[in-house]
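Here's the structure we're looking at; comments come further down.
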Amino acid sequence: MSERSRKDYEGEVAFFAAASEYRGRHIGTLLFEQMLSYMKRNDIRRFYLYTDTSCNYGFYESHGMKRAAEEKETFTIKGKQEEMTFFLYDCLCA
């Protein structure tokens, strides 16, 4: 997906998560702000991350990231078909 977005990324967020029992306590927001500070300190102006519908992907939109691409996939798990959507989000840091 990152190739199809036709953007040059300087960084990637490989994993970003907060345990579900801590959601609603703004820990994710604090981590996100620290991540942005890290990117700025290291002159990483454009970065991306992948996520999917099994995660709280709305978090990224509510924190200013833009959905750059999405892809639907159908899987067969234990004989049952499941559909997931995968997203590429990106951020241009000021």
Please identify each residue that fulfils side-chain hydrogen bond (donor to acceptor under 3.5 Å, both in side chains) with Asn56, with sequence neighbours left out.
->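 None.
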side-chain hydrogen bond (donor to acceptor under 3.5 Å, both in side chains) against Thr29, all qualifying residues, sequence neighbours excluded | His63
Any side-chain heavy-atom pair from Phe87 and Thr53 closer than 4.5 angstrom?
-> yes
Taking the side chain as every heavy atom from C-beta outward, state whether Tyr57 and Met65 have any pair of such atoms under 4.5 Å apart.
->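 Counting from C-beta outward, Tyr57 and Met65 never come under 4.5 Å.
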Working to the nearest 0.5 Å, report the span between [atom1] of [X] and [atom2] of [Y].
| X | Y | atom1 | atom2 | value |
| --- | --- | --- | --- | --- |
| Met84 | Thr74 | CE | OG1 | 11.0 Å |
| Glu73 | Thr85 | CD | OG1 | 9.5 Å |
| Glu61 | Lys66 | CD | NZ | 8.5 Å |
| Asp43 | Lys40 | CG | NZ | 12.0 Å |

Please answer whether the main-chain N or O of Ser54 pairs with a side-chain N or O of Asp52 as donor and acceptor at a distance below 3.5 Å.
->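 Checking the backbone N and O of Ser54 against the side chain of Asp52, a donor-acceptor pair under 3.5 Å is found.
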N/O donor-acceptor pair under 3.5 Å between Glu71 side chain and Phe86 backbone =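 Not confirmed, Glu71 side chain does not pair with Phe86 backbone.
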Yes or no on side-chain contact (heavy atoms from CB on, under 4.5 Å) for Tyr9 and Leu49, after CA distance, side-chain angles and deciding distance?
-> CA-CA 10 Å; Tyr9 294 107; Leu49 62 82; over 6 Å; no
Determine, for Arg46 against Asp8, whether the closest basic-nitrogen to carboxylate-oxygen distance falls under 4.0 angstrom.
->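 The answer is no: the pair does not qualify as a salt bridge.
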Applying the 4.5 Å side-chain criterion to the ILVMFWY set and letting contacts propagate, would Leu36 and Ile27 be lumped into a single cluster?
-> yes
Glu12 and Tyr50: side-chain donor and acceptor closer than 3.5 Å?
-> no
Residues in side-chain contact (heavy atoms from CB on, under 4.5 Å) contact with Phe16, at least two apart in sequence or another chain |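 Expected list: Val13, Leu31, Phe32, Met35, Phe59, Tyr60.
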Is the CZ atom of Phe75 crowded by more than 12 outside heavy atoms at less than 6.0 Å?
->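 Buried by this count: over 12 neighbours within 6.0 Å.
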